[in-house]
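Accompanying notes for the structure given below.
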Amino acid sequence: MRIRPACISDIDALMTIRGAVSENRLSDPARVPRSDYLDFRRNSTLWMCETGGQVVGFSACDPRNGSIWALFVAPGREGSGCGRTLLARACADLRRAGWSKAWLTTGAGTRAERFYRRAGWQVFCEMSDGDLLLWRSLR
């Protein structure tokens, strides 16, 4: 497993992974266009995980508001440690940007919710669309 910053040429693979995750409500590429990935690449680090030369996951945070924008692992690659490593990289980026807490949203009752809770994230509130707003200390 290799973690590295994503290049512009990696964005198609990242978009494919995001679209392949079955619990992702934003799997429609029109809702999260290429320009969003380029924006995060400019304003933060878009981290990616490779195994055997194949992109299997990615993460990004937003240092402007302290959020985790994305954390996706390709179906069939869950449980490899890729997600935990990518989340740690994104949280470290937020910590370096001066944030003491991070936040994210995810669907209630999903595998993602269970993953974040195991990693120490706590529910702050349920949002009007049914998603959960979670937070975690970065200290």
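The residues of the chain are indexed from 1 along the displayed sequence. Only heavy atoms go into these numbers, but all of them, side chains included; no hydrogens, no water, no symmetry mates.
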Verify side chain to side chain contact (heavy atoms under 4.5 Å, CB included) between R18 and Y37, making sure each step is shown before the conclusion.
-> CA-CA 11 Å; R18 184 179 204 133; Y37 292 82; 3.1 Å; yes
Looking at residues at least two apart in the chain, or sitting in another chain, which of them share a salt bridge (charged side-chain N to carboxylate O under 4.0 Å, His left out) with E50?
->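 Per chain and number, E50 pairs via salt bridge (charged side-chain N to carboxylate O under 4.0 Å, His left out) with R2, R4.
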[X] side chain to [Y] backbone, donor-acceptor under 3.5 Å:
| X | Y | result |
| --- | --- | --- |
| S44 | F40 | no |
| S59 | A70 | no |
| R95 | L138 | yes |

Report the C-alpha separation of N65 and W99 in whole Å, then their side-chain angles, then the decisive distance to 0.1 Å, and conclude whether the side-chain hydrogen bond (donor to acceptor under 3.5 Å, both in side chains) test is met.
-> CA-CA 9 Å; N65 67 12; W99 294 95; over 6 Å; no
Indicate the atoms forming the closest heavy-atom contact of [X] with [Y], along with that distance.
| X | Y | answer |
| --- | --- | --- |
| T51 | M1 | OG1-CA, 4.2 Å |
| A6 | L14 | CB-CD1, 4.0 Å |
| G107 | D131 | CA-OD1, 3.5 Å |
| I8 | R34 | O-NH1, 4.1 Å |
| E78 | V73 | N-CG1, 3.9 Å |
| S67 | L94 | O-CD1, 3.8 Å |

Rounded to the nearest 0.5 Å, what separation is found between the [atom1] atom of [X] and the [atom2] atom of [Y]?
| X | Y | atom1 | atom2 | result |
| --- | --- | --- | --- | --- |
| R111 | T106 | CZ | OG1 | 11.0 Å |
| C49 | R84 | SG | CZ | 11.0 Å |
| L133 | L104 | CG | CG | 7.5 Å |

D36 side chain to W69 side chain, donor-acceptor N/O pair below 3.5 angstrom |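 D36 vs W69: no donor-acceptor pair found between side chains.
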Going by the ring pair (Phe, Tyr, Trp, His ring centres under 6.0 Å) test, which pairs reach into residues 118-139, not counting sequence neighbours?
->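 Every ring pair (Phe, Tyr, Trp, His ring centres under 6.0 Å) pair that includes a residue of residues 118-139, provided the two are not neighbours, is Y116-W121.
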C82 versus R77: any side-chain heavy-atom pair under 4.5 Å?
->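 They are not in contact (no side-chain heavy atoms under 4.5 Å apart), so the answer is no.
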Quick one: does R89's side chain get under 4.5 Å of T45's, heavy atoms only?
->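 Side-chain contact under 4.5 Å: no.
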Common cluster, [X]/[Y], ILVMFWY with side-chain heavy-atom separation under 4.5 Å:
| X | Y | result |
| --- | --- | --- |
| L46 | L87 | no |
| V56 | I3 | no |
| L86 | I17 | no |
| F72 | L38 | yes |

Kindly determine whether E113 and L132 satisfy side chain to side chain contact (heavy atoms under 4.5 Å, CB included), including the steps that lead there.
-> CA-CA 8 Å; E113 178 193 355; L132 299 174; 3.4 Å; yes
Before accepting this row, confirm whether a basic side-chain N of the pair D10/R41 lies closer than 4.0 Å to the acidic partner's carboxylate O.
->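 So D10 does not pair with R41 through a salt bridge.
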